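Single-structure report; data block below.
Below, chain A is the first sequence line, B the second, and so on; all start at residue 1. Just so it is clear, the model here is predicted, and its values are computed rather than measured.
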Number of protein chains: 2
Amino acid sequence: MSDELLRALDQAGVRLTGPRREIAALIAKRNGHFTAADLIADAGKRRLGVGRATIFRLLDLLAEQGLVERVDLPDGRHAYVPCEPSHHHHLVCVACGAIAEVEDCGIDAVTSEASRRSGFTIESHRLELFGRCPNCRSAN
Amino acid sequence: MSDELLRALDQAGVRLTGPRREIAALIAKRNGHFTAADLIADAGKRRLGVGRATIFRLLDLLAEQGLVERVDLPDGRHAYVPCEPSHHHHLVCVACGAIAEVEDCGIDAVTSEASRRSGFTIESHRLELFGRCPNCRSAN
DNA sequence: CACACAATGAGACCAAGTATCAACACCCCG
DNA sequence: CGGGGTGTTGATACTTGGTCTCATTGTGTG
């Protein structure tokens, strides 16, 4: 359901125009991560007349609101994942692309240890975990 | 000194040709991270006749040997950092670009916790820490 | 020395993303 | 209702980071 995305955008004071609704629907229809190219292809397939730029613009908006996040796949490609706006990290299934979110689970200990050893002040971090989701593991 | 890079490449059975030595020297001269564009600009500035392709090829080779690693900066750009071939993570100074390496400091606890909660089997992870190095912090 | 093969540089190409711009939609105000 | 300012849109050009191709140039081995 794209309702959540739309509702969140609405609350952020973003206009809910036709193209935006359509793109939100495309995003909602995918579960797991997707690339910008996926969305562009989807939009093209159904002859929605939405332009590349509009898709990137909506992704930017969503990212600003923390509703979507960019992750870098191990192969270097970029993907976007829809997610909750709170701080968290992503677990990406390398087989099917499913995404799980994990909230902070002890990473602070790691950062403070790293900080102690290096003398750096740590301002932010990025953690991505890659593996196999329960489905893909059993199907294997 | 580019000697270490060259020695490591040599041991990996890679030919040490002229262009490779030159590029290794450029890398060694930078401390901290650099982008491919930096190297290309450096090479151009000194009229070394090395082509873009050769630079990317050497970066690939170095990455294969674990002598260099790609990191994704918070602003989405890619950088390369020279590093030890063992497993570790990078601490990047957002002010000056200095790099520190930290060996595993408790991240396993985080991954196994995440695994327990999500049911995923975790195969690999990527952790990048961004902050300020001691120099930049005091200069601030 | 000759040969096979690896490495090179030039440049075409590609994908992801950004910038520009004219046309258009919407909303508020009168 | 009408008009103007602002925000949004799609087309398209452009930029950046990187790959591919290919003819040419090394280079190590026998």
Can you check the A:Leu73 CG to C:dA15 C1' distance for me, whole Å? 15 Å

D:dT15 P sits how many Å from B:His78 NE2, rounded? 20 Å

Tell me if a side-chain donor or acceptor on A:Ser115 pairs with a main-chain N or O of A:Ile122 at a distance below 3.5 Å. no

Roughly how many Å is it from CZ in A:Arg15 to C1' in C:dC26, rounded to a whole number? 5 Å

Expressed as a whole number of angstroms, how long is the span from B:Ile55:CD1 to C:dT8:C1'? 12 Å

Has A:Arg57 got a side-chain N or O lying under 4.0 Å from the OP1 or OP2 atom of C:dG17? no

Rounded to the Å, how far apart are B:Ile40 CD1 and D:dT15 P? 16 Å

Using a cut-off of strictly less than 4.0 Å, decide whether B:Thr54 has a side-chain nitrogen or oxygen near OP1 or OP2 of C:dG9. yes

B:Arg52 CZ to C:dC13 C1', in whole Å, measures 11 Å

Any base atoms under 4.0 Å from B:Gly18, or only sugar-phosphate, or nothing? Heavy atoms, all strands. nothing

Assign each of A:Ala36 and B:Leu61 the nucleotide of DNA chain C bearing its closest heavy atom; nearer the 5' end lies the nucleotide of B:Leu61

By the 4.0 Å heavy-atom rule, please label A:Gly49 as base, sugar-phosphate, or nothing. sugar-phosphate

Is there a donor-acceptor contact under 3.5 Å from the side chain of B:Arg20 to the main chain of B:Arg15? yes

Check whether any side-chain N or O of A:Arg70 sits under 4.0 Å from OP1 or OP2 of C:dG17, and answer yes or no. yes

Under 3.5 Å, is there an N or O donor on one side and an acceptor on the other linking the side chain of B:Arg77 and the base of D:dG17? no

Does D:dG18 have OP1 or OP2 under 4.0 Å away from a side-chain N or O of B:Tyr80? yes

Just how far, in rounded Å, is C1' of D:dA13 from CZ of A:Phe56? 15 Å

Looking at A:Thr17, I'd like to know whether one of its side-chain N or O atoms comes within less than 4.0 Å of OP1 or OP2 on D:dT9. yes

Would you please confirm or rule out a distance under 4.0 Å between OP1 or OP2 of C:dT8 and any side-chain N or O of B:Arg20? yes

From C-beta outward on A:Ala53, which listed nucleotide comes closest to its side chain: C:dG17, D:dA11, D:dT8? D:dA11

Starting at CG of A:Asp60 and ending at P of D:dT9, how long is that distance when rounded to a whole Å? 13 Å

Walking DNA chain D from its 5' end, the first of B:Leu16 and A:Pro19 to be reached, judged by nearest nucleotide, is A:Pro19

Is the ring pair B:His125/B:His87 parallel, tilted or perpendicular, if the boundaries are 30 and 60 degrees? perpendicular

Test your reading of the model: is there a side-chain donor-acceptor pair from A:Ser118 to the backbone of B:Ala100, 3.5 Å cut-off? no

Distance alone, cut at 3.5 Å: any donor-acceptor contact between the side chains of A:Arg132 and B:Thr121? no

